Protein chains: 2
Amino acid sequence: MNKLPEKTIGRLSEYRRTLLICLAKGKTHIFSHELANLHHITAVQVRRDIMLIGYSTTLKKGYDVKALIDVIAQIIDTDEGLNAAVIGAGNLGRAIITYFNGKRTKLRIAASFDVDTEKANRVIAGVKCYPMTDLNKIVKELNIRIGIITVPPEDAVSVAENLVNSGIKGILNYTSTPLSVPQNVYLEEYDMITSLEKVAYFVKQKK
Amino acid sequence: MNKLPEKTIGRLSEYRRTLLICLAKGKTHIFSHELANLHHITAVQVRRDIMLIGYSTTLKKGYDVKALIDVIAQIIDTDEGLNAAVIGAGNLGRAIITYFNGKRTKLRIAASFDVDTEKANRVIAGVKCYPMTDLNKIVKELNIRIGIITVPPEDAVSVAENLVNSGIKGILNYTSTPLSVPQNVYLEEYDMITSLEKVAYFVKQKK
DNA sequence: TATTTAATGTGAAAATATTAACAATGTTCA
DNA sequence: TGAACATTGTTAATATTTTCACATTAAATA
Ligand SMILES: NC(=O)c1ccc[n+]([C@@H]2O[C@H](COP(=O)([O-])OP(=O)(O)OC[C@H]3O[C@@H](n4cnc5c(N)ncnc54)[C@H](O)[C@@H]3O)[C@@H](O)[C@H]2O)c1
Ligand SMILES: NC(=O)c1ccc[n+]([C@@H]2O[C@H](COP(=O)([O-])OP(=O)(O)OC[C@H]3O[C@@H](n4cnc5c(N)ncnc54)[C@H](O)[C@@H]3O)[C@@H](O)[C@H]2O)c1
């Protein structure tokens, strides 16, 4: 199970989201083609992904929802769980904290940080916001491993440096500023404009 | 130029973002390896993408930033431009509107919609917010082609239906509810949790 | 000017990712 | 029960994406 394709990881996360919804609805089993339809991919793709993670069922009533969730958790989660922090408690930062809160048991947004003294030392969207000057201290105290950057674009580079120096191992960058980090830090970047432009391109093609 | 790989489209959008920053800084030419480094990919990849869109330069001083921006615009943009609307003017909706405003000339967030009567008929983040009951009328009036869904997850399905019925051709779904749309509508979905879980997985691997 | 250097463009190879095809086998129901 | 059916797991084929390797040529330099 050592070398899963990056794409598969992304899909596993998506499957789990769907499976958790099924679980909440009391659905105990799900067919590969059901999962496939919900994710707009083929059933073979789903079966292959599931094969890769080593889960299988002898049943012909589909996969056991609960069991599959557990196997995916084995892949993605760590036993102790991981703590993340949001840097920049503005509109987007708050939306992310609110959204995320309580969604996963092994992944927590444990703190936020902001330079704005109005925000620092308050609880924002249910999570304590610390002043940026406390970054190193709090990252160590709360064992924060992942930083989510939602500061203005011009501050992204310096914030990323601070995060790396504080010992963080993964960064999720939502600003439009491209970042660079050392080899031993994993970086993921997302820009809504790219998503929207993809939609625009395909809308144009369909016309 | 009819069949560009989907991946290339995403990268072209990203290149343009970087090129616009270069332009603003007064940088007139850029090497393939510079673009590559900024985007954490190889220079060959950049050259191949640029080859695919039919741009080339005889110069050995890199690509002409302005010219390349124009070629990418030819691919992604339409002459008249496209209008989008945000459905659900909450935290995320507002963050998106604020972020997007004025970033692109051919892609505009022309309206937002909300059921909350407090929000409807006000200007939120610089864009007028309409009541949901006006959806059909305004979509036609303002020629809105793309809908960005940022309502609570339980409302996503019905909102998507309304959007499709109103004649929209592309949907960008930010809720955690998987949607289904007719063939002639392009759907893009994004869930932050998946991004964060990818980071978590790779942080775990590196340990 | 002649030589060296460094950049692009691209065919071919390699690597990744997806899909087709089908054997194996529970499940359904006549 | 047993034939028909449906679903999984997986190998092989296909398709897509990325990278290699290098010919070509502008630019820099001696
Ligand atoms: N990727 C996307 O899809 C997307 C979408 C929307 C917004 N954005 C980007 O996300 C970022 C945040 O957007 P927003 O609308 O929340 O902005 P905002 O202005 O509401 O919030 C930014 C916050 O960062 C704080 N801040 C400023 N400098 C800081 C620093 N050096 N260290 C710590 N905190 C600092 C501010 O006090 C503020 O609270 C922006 O860069 C925006 O462009 C990205
Ligand atoms: N994909 C992601 O990365 C991501 C991140 C954060 C939040 N989210 C999701 O985005 C959505 C919005 O999050 P938020 O924090 O902005 O929530 P929010 O509660 O602040 O905003 C939701 C808005 O939608 C409005 N609304 C409710 N029902 C509606 C309907 N039927 N039609 C039109 N408008 C309606 C509400 O009045 C409110 O203004 C949620 O589904 C949330 O889970 C996704």
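Just so we're on the same page: letters track the sequence lines, and every chain starts at 1. Owing to the predicted nature of the structure, the values given are computational and were not obtained by experimental measurement.
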I'd like a list of close polar pairs between nucleotides 10-12 of chain D and the protein, N/O only, cut-off under 3.5 Å.
{"from": "D:dT11", "atom 1": "O4", "to": "A:Arg48", "atom 2": "NH2", "distance (Å)": "2.8"}

Distances under 3.5 Å only, N/O to N/O: pair up the protein atoms with those of nucleotides 27-30 of chain C.
{"from": "C:dT28", "atom 1": "OP1", "to": "A:Lys61", "atom 2": "NZ", "distance (Å)": "3.4"}

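A donor-acceptor contact shorter than 3.5 Å links the side chain of A:Thr177 to the backbone of A:Pro153. Checking side-chain atoms of B:Glu189 against main-chain N and O of B:Leu179 turns up a donor-acceptor pair under 3.5 Å.
The pair B:Glu80-B:Lys106 does not meet the salt-bridge criterion, since no charged nitrogen lies less than 4.0 angstrom from a carboxylate oxygen. A salt bridge between A:Glu34 and A:Lys27 is present, with a side-chain N of the basic residue lying under 4.0 Å from a carboxylate O of the acidic one.
The side chain of B:His33 lies closest to C:dA7, out of D:dT19, C:dA7, D:dT8.
Looking at A:Ile75 and A:Leu4, their side chains come closer than 4.5 Å, going by heavy atoms from C-beta outward. Side-chain contact between B:Ile146 and B:Lys169: absent, with no pair of heavy atoms (C-beta onward) separated by less than 4.5 Å.
Computed from coordinates, the A:Asp49 CG to C:dA17 P distance equals 11 Å when rounded to whole Å. Atom CD1 in A:Ile53 sits about 13 Å away from atom C1' in D:dG9, given to the nearest Å.
Residue contacts shown for A:Thr8 are absent, as no nucleic acid heavy atom lies under 4.0 Å away.
In terms of position along DNA chain C, the nucleotide closest to B:Gly62 lies nearer the 5' end than the nucleotide closest to the other residue of the pair B:Gly62 and B:Lys7.
Taking 4.0 angstrom as the limit, B:Thr57 places none of its side-chain polar atoms (N or O) nearer than this to OP1 or OP2 of C:dT8. In this model, the phosphate group of D:dT8 is approached by a side-chain N or O of A:Ser32 to a distance below 4.0 Å at OP1 or OP2.
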Applying salt bridge (charged side-chain N to carboxylate O under 4.0 Å, His left out) to A:Asp77 and A:Arg16, what does each step give before you reach the verdict? CA-CA 12 Å; A:Asp77 298 339; A:Arg16 173 160 72 170; 2.9 Å; yes

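For the pairing with B:Ile96, the side chain to side chain contact (heavy atoms under 4.5 Å, CB included) check across B:Asn101, B:Leu172, B:Ile148 returns one residue only, B:Ile148.
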